[in-house]
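Count residues from 1 along the sequence. Because the structure is predicted, anything quoted here is derived from the model rather than measured. Order of appearance sets the numbers: ligands from 1, and atoms from 1 within every ligand.
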Amino acid sequence: MNSNRVVVINTGGTIAMEENPTASGVGNANPAKLQSILSLVQTPVQVTMHHFLEKPSPHITLPDMYRLALRVQSELKQDSVTGVVITHGTDTLEETAYFLHLTIDSHKPVVLTGAMRSHNELGADGPRNLVQSIRVASDPNAQHRGTLIVFNDEIHSAEAVTKVHTHQTSTFQSPGKGPIGLIAKQKIHFFYSPQHHPLIPLTPPSADIVLIKAVADLDERWIQFAIDQQVDGIVIEALGQGNLPPKILPACQQAIQQNIPILLVSRCLEGRVEATYDYEGGGKQLAKQGFILYPDLQGQKARILLTLARSAQKNLPNYQPFFQK
Ligand code: ASP
């Protein structure tokens with residue numbers, strides 16, 4: 001039996017779509033188009049492809065991510081499987097990737113990829129991205145690096161990557177950190193291993209977490225609404241190093257008193273959140289008031305982190321979330 005096997009799990013997105021020249025829109029293609037890309041793989045590896053979902057990524061839900069994580073885990077448990085590749089729409093790819101990064105307990109590579117141009121558009125990037133992902137997933141050097149994103153000949157960590165461009169094929173970047181590796185014609189080069197948040201036990205994602213972006217003169221209605229909705233946690237993309245407009249503070253304090261945790265990340269693309277400023281709403285005061293300052297994570301991924309941590313807390317009485325790096 002071949003012990004070097006990569007399993008490809010398709011979930012949809014542009015990589016599984018085609019342009020309709022008469023209607024000039026992009027929609028689902030025959031899954032056989034994705035399967036046909038496998039004939040381009042030159043790496044000595046056996047590849048098995050499964051069509052798991054056929055969704056554009058704005059339709060991907062937290063239960064979809066959970067079911068995908070269970071599937072990935074069961075594939076990785078097989079001795080013959082070296083790694084898993086997931087094809088996914090690019091819009092929410094980083095959220096699914098981070099969900100898997102936080103929950104998949106395996107040293108084997110999990111790689112997400114997709115495309116910005118469907119298979120019949122000029123410069124279609126899906127075939128290259130998929131073939132490169134299979135190369136990475138079968139490379140022993142890709143082990144112990146968590147969940148990876150392969151796009152445009154670069155390898156990014158799920159911790160740092162984000163979609164930065166609406167249509168360019170170089171859309172996935174890791175601001176302030178850069179890719180963790182490059183895929184050259186003959187070799188795959190890794191530069192560093194990403195920092196890992198501790199794994200969170202995989203349980204059904206039942207926690208309701210809201211993400212609010214701080215803006216100048218933000219008022220407290222949105223925080224109050226979240227409290228009234230009895231959410232399980234609030235993520236705020238705060239200003240700069242982790243500061244908030246003073247008007248929202250009374251509602252935030254009410255949330256914290258009601259055991260609704262508030263995780264603070266920054267709306268800046270680079271740098272870290274730190275308890276620096278000691279004015280009203282400054283990060284130093286917020287830390288003393290019970291806000292959780294999280295150093296460097298985009299809001300949409302912080303929401304995944306808090307969702308998983310709060311869900312595990314609900315489902316496993318002894319689970320203690322760990323928010324410090
Ligand atoms: N809207 C598409 C999606 O996320 C974009 C893509 O796949 O690139 O499914």
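Between L53 and I60, some side-chain heavy-atom pair lies under the 4.5 Å cut-off. Contact annotation: the side chain of K284 never approaches that of E274 to less than 4.5 Å [non-hydrogen atoms, C-beta and beyond].
Residues meeting the side-chain hydrogen bond (donor to acceptor under 3.5 Å, both in side chains) test with E220, sequence neighbours left out: none.
Taking the centre and axis of the six-membered ring of F52, the NZ or CZ atom of R71 falls outside the cone set by 45° and 6.0 Å.
S57 and D91 share no side-chain donor-acceptor pair at under 3.5 Å.
Within 4.0 Å of ligand 1, heavy atoms belong to protein residues G13, T14, P56, S57, P58, G89, T90, D91, A115.
Remark: Q258 CD is packed, more than 12 non-hydrogen atoms of other residues, nucleotides or ligands lying under 6.0 Å away.
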